[in-house]
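In what follows, a single structure is set out as structure tokens and then discussed.
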Amino acid sequence: MKAAIKSIACLLLFSGLAWLANPPAPAQAQMAAIAAISGSDDAQAPAPDAPASDATAPDATTNGAPDTVVAETFNYYAFLDEGINRTQAHIDATLRGLEAFPHEAAATLDLISSDVGKTGLMWIALFTAIFVGVGIVAEVIYRRFSASICAYLERQSPQKFSDRLKQMAALCVLSLLSLGVFAIGSVGTFLIFDWPPIMKAAIMSLLTAFFLLRIIMIVLQFLFAPKADGLRMINVDPQTASALTGSLAWAAGISLFSFGIAGVFSAAPTMVQGDIILFDHAVVISVISFCVATWWLGRFFARHQSGDGIEKIALPTSIARLWPVIVSAWIILMGGAAIIGAERILKALIAIGLACVFDVVFRNIIEGQHRIKVKTAQQEADEQNAIAQAAALENDAEFEPVAPKLPVFTKVLKRGVRLLALVFVLASMWRIWGLDRLAMAEDAGIVARVIDASTEIIMILLIADLIWSLIKAFLDERMSASNVGHGGDEGGGSGLSRVETLLPLLKNFALTVIVIMVAMVTLSSLGVDIGPLIAGAGVVGLALGFGSQALVRDVVAGVFFLLDDAFRLGEYIEVDNLRGRVENISIRSMQLRHHRGPLQTIPFGEIKSIVNHSRDWVIVKLEFRVPFDTDVNKIKKLVKKLAAELLNDPLIGDSFIEPLKSQGVRRMEEFNMVIGLKYTAKPGEQFTIRKTVYQSVLAMFKENGIQMASRNVKVDVPADATPEQKHEAVAAAAQQASEQLNKS
């Protein structure tokens with residue numbers, strides 16, 4: 001199946017089956033069962049004085065006591081000596097095995113070269129091939145039934161990350177079922193029969209290697225998907241995906257099958273003390289294979305050029321060039337710790353390696369999804385800008401491009417991944433090196449207390465930093481996406497939502513709470529009793545409240561104004577004789593920006609009433625003066641036609657709540673009659689509509705021959721009047737008209 005989904009559950013399933021099928025058997029049982037492989041009765045038990053292998057030797061402690069630690073009597077030096085003694089015992093067993101290995105290896109080769117040995121190996125290889133073949137046949141039959149569903153899911157190319165996760169979850173179920181069918185066909189068939197212990201251990205060793213390789217390949221396919229671009233979690237090109245999948249799969253295969261073959265030969269009766277050397281050889285082969293894969297990938301990345309829109313594997317800048325050296329050194333240290341039996345060092349290296357892999361993989365997944373979202377947002381913004389620009393050119397209006405809506409949580413998510421990796425490493429080191437038990441011991445010294453407090457403080461600071469980053473990114477994104485300042489130069493613009501109005505206050509409140517909590521927890525970790533501090537803070541706050549009544553009045557009044565939703569950020573309001581747009585809200589006051597520029601600060605306690613000009617909707621009424629002989633019904637029909645055109649306008653059509661309407665003759669004046677028009681618009685957008693309406697109405701009147709009224713004065717002069725009398729009459733009429741205009 002082309003789509004490969006990570007399946008850790010398969011590893012757990014197979015591990016359980018392997019444990020049930022392959023319980024640990026003592027060396028005597030393995031040697032006594034050689035007759036089952038060879039078909040002879042010549043098996044003999046080992047000599048009583050043969051040294052036991054390290055695997056069955058009891059744990060070495062300082063006083064020969066078992067590894068049980070009581071917190072009240074914990075001795076850290078004995079704890080360290082215990083690990084050193086175990087490592088020394090493992091080294092001694094390795095040296096004994098190295099000394100006996102040449103003789104045991106020669107005896108094993110003699111056994112293998114004999115007819116009995118050849119027959120035993122042949123049966124192991126044959127049965128392994130048979131059971132693997134049965135599992136493959138069962139899986140092929142299953143795939144024939146699920147091929148249509150898999151093909152349908154693989155053809156999908158969802159753009160959203162959530163849809164991709166749903167698709168991958170469906171494919172994951174199909175992959176789990178496929179591996180389950182394979183496990184039932186191979187391991188299930190194998191477990192039906194009774195097997196000699198050695199035969200059982202040898203076949204299960206090979207089957208285990210094969211299953212683990214299958215699971216690793218599934219995880220690699222899930223991450224890189226070299227043949228399915230739509231399912232690739234890390235955004236690399238197909239060539240890079242194939243190189244990563246192939247090199248890591250080959251290295252893992254060589255490593256697993258080297259351990260599998262070591263398990264087969266360690267079951268031979270001639271391998272008593274030298275079996276530990278077999279596994280050391282497997283460790284060396286694994287180290288070499290993964291180091292070769294690491295350096296090959298390093299050379300590949302150095303000479304490979306990715307295409308546009310494809311990033312390389314993102315690594316921290318400090319190790320971007322030296323990562324092959326660092327990874328190889330880590331692999332070599334892992335191998336060395338495994339060979340000498342340094343359990344705690346090995347566990348610490350494994351914890352560091354898992355944290356680094358987790359960090360690199362998930363940070364690259366997040367970065368890849370971020371680039372996809374940025375590309376999609378840019379395409380959507382370009383399409384919207386192209387439509388808006390064409391409409392602006394057609395209507396001779398100003399074009400304002402729309403910025404793409406970029407994801408803002410990418411940095412926070414990457415920071416969270418790194419935080420989880422650091423916390424995992426700290427917790428692992430704390431547990432591996434026994435610092436948790438040391439800190440709980442009654443006789444712990446000052447150094448242990450300091451180490452315990454320091455680790456706790458570091459983890460608290462990391463978690464607090466992540467929480468603050470999440471809150472800050474969320475609030476900043478909401479505030480940056482708001483419509484503050486919209487509404488033209490004359491005010492009256494629409495404000496933010498009620499939640500967005502409270503965002504700055506919530507941001508300051510959250511920061512204050514986080515700082516106080518971190519400080520209190522830090523002091524508590526250092527052994528400071530924080531009870532008196534909390535009580536003292538309460539007393540101080542009460543004293544400030546009684547001493548600053550005006551401050552308390554302002555704060556309480558502001559709280560109730562916000563609860564009543566009287567105003568919001570960005571709204572245009574009027575308080576007494578002050579007006580402006582709400583630009584900032586603090587604990588005790590707010591700031592209004594007048595549409596001409598001045599910034600006015602008003603304490604909440606001084607506010608008696610508020611007039612909000614930006615809530616819900618705005619009605620705009622326009623007046624046009626026309627001569628008395630104008631056809632009012634004709635104007636009404638023309639306005640109705642114009643209203644339909646304005647509703648379809650791409651720039652202002654969505655700003656109407658109710659379309660433009662004619663109110664007929666609003667009143668009669670001395671020289672003309674007044675025609676009224678009105679419309680209902682969204683707050684802050686009425687001024688843009690008003691400009692367009694004025695231009696459109698004037699053009700409509702001109703196109704249909706409707707003249708705008710103009711004030712004039714008619715002077716009746718007798719026919720026999722002299723020129724001087726006519727001039728005086730005109731001057732008097734002009735003086736009277738001027739006085740009437742000044743009065744109006």
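None of the values given here were measured: they were computed from a predicted structure.
Atom OG of Ser696 and atom CG of Leu660 lie 9.0 Å apart (nearest 0.5 Å). Taking CD of Gln663 as the reference point, atom NZ of Lys636 lies at 11.0 Å (rounded to 0.5 Å). Distance OG1/Thr601 to CE/Met590: 10.0 Å, rounded to 0.5 Å. Note that CD1 of Ile467 and CD1 of Ile471 are 7.0 Å apart. Values are rounded to the nearest 0.5 Å. The CG atom of Asp631 sits 9.0 Å away from atom CG of Leu638, with the distance rounded to the nearest 0.5 Å. Leu462 contributes atom CG, which lies 5.5 Å from atom CG of Leu419 (distance to the nearest 0.5 angstrom).
With Ile602 as the fixed residue, the side chain to side chain contact (heavy atoms under 4.5 Å, CB included) test singles out one of Ile573, Ile610, Val575: Val575.
For Lys702, there are no side-chain hydrogen bond (donor to acceptor under 3.5 Å, both in side chains) partners at least two apart in sequence or on another chain. Residues passing the side-chain hydrogen bond (donor to acceptor under 3.5 Å, both in side chains) test with Thr630, sequence neighbours excluded: none. Every residue two or more places apart in sequence or in another chain that forms a ring pair (Phe, Tyr, Trp, His ring centres under 6.0 Å) with Phe358 is listed here: Phe362. Partners of Gln707 by side-chain hydrogen bond (donor to acceptor under 3.5 Å, both in side chains), not counting sequence neighbours: none found. For Tyr694, the ring pair (Phe, Tyr, Trp, His ring centres under 6.0 Å) partners at least two apart in sequence or on another chain are Phe624. Legend: residues meeting side-chain contact (heavy atoms from CB on, under 4.5 Å) with Glu658, ordered by chain and number and at least two apart, are Lys661, Thr680. Annotation: side-chain hydrogen bond (donor to acceptor under 3.5 Å, both in side chains) contacts of Glu623 (sequence neighbours excluded): Arg666, Arg667. Residues meeting the salt bridge (charged side-chain N to carboxylate O under 4.0 Å, His left out) test with Asp465, sequence neighbours left out: Arg415. Evaluation of the side-chain contact (heavy atoms from CB on, under 4.5 Å) rule for Glu574 yields Arg579, Val611, His613 as partners, not counting sequence neighbours. For Glu606, the side-chain contact (heavy atoms from CB on, under 4.5 Å) partners are Arg553, Pro603, not counting sequence neighbours.
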Could you go through residues 642-650 and list every donor-acceptor pair under 3.5 Å that involves a side-chain atom there, pairing it with any protein atom two or more places apart or in another chain?
residue : atom : partner : partner atom : Å
Asn648  : ND2  : Ala644  : O            : 3.2
Asp649  : OD1  : Leu651  : N            : 2.8
Asp649  : OD1  : Ile652  : N            : 3.3

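The shortest side-chain heavy-atom distance between Asn612 and Tyr572 does not fall under the 4.5 Å cut-off. Within the 4.5 Å cutoff, side-chain heavy atoms of Glu669 are placed close to those of Asn672. Here the side chains of Ile463 and Trp468 are not in contact, with every heavy-atom distance at 4.5 Å or above. Between Arg418 and Arg363 there is a side-chain heavy-atom pair separated by less than 4.5 Å. Contact annotation: the side chain of Glu583 never approaches that of Leu592 to less than 4.5 Å [non-hydrogen atoms, C-beta and beyond]. Within the 4.5 Å cutoff, no side-chain heavy atoms of Lys621 are placed close to those of Leu677. Between Gln239 and Leu244, the closest side-chain pair of non-hydrogen atoms is not below 4.5 Å. No side-chain heavy atom of Val674 sits less than 4.5 Å from a side-chain heavy atom of Val665.
Taking both residues in full, the closest heavy atoms of Val639 and Ser662 are given as CG1-N, 3.9 Å, listed atom of the first, atom of the second, then distance. For the residue pair Gly664 and Val632, the shortest heavy atom distance occurs at CA-CG1, 4.3 Å. In plain terms, the two heavy atoms of Ala464 and Ile514 that are nearest each other are CB-CG2, 4.0 Å. The shortest non-hydrogen separation linking Asn704 to Lys634 is O-NZ, 3.3 Å. Ala681 and Ile689 make their closest contact through CB-CD1, 3.6 Å (heavy atoms, listed as atom of the first residue, atom of the second, distance). When every heavy atom of Glu571 is checked against every heavy atom of Ala566, the shortest pair comes out as OE1-O, 4.5 Å.
The number of heavy atoms from other shown groups lying within 6.0 Å of CG (Asp654) does not exceed 12. The number of heavy-atom neighbours closer than 6.0 Å to CE of Met708, taken from other residues, nucleotides and ligands shown, is above 12.
In summary, the side chains of Gln379 and Asp382 do not present any donor paired with an acceptor at a separation below 3.5 Å, with no hydrogens or angles considered.
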Practice prompt. Report the C-alpha distance between Leu461 and Val518 in whole Å, list the side-chain angles of each, state the deciding distance to 0.1 Å, and finish with yes or no for side-chain contact (heavy atoms from CB on, under 4.5 Å).
Written response: CA-CA 7 Å; Leu461 292 176; Val518 169; 3.6 Å; yes
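Among pairs with a residue in residues 631-669, those fulfilling ring pair (Phe, Tyr, Trp, His ring centres under 6.0 Å) read Phe656-Tyr679, at least two apart in sequence or across chains.
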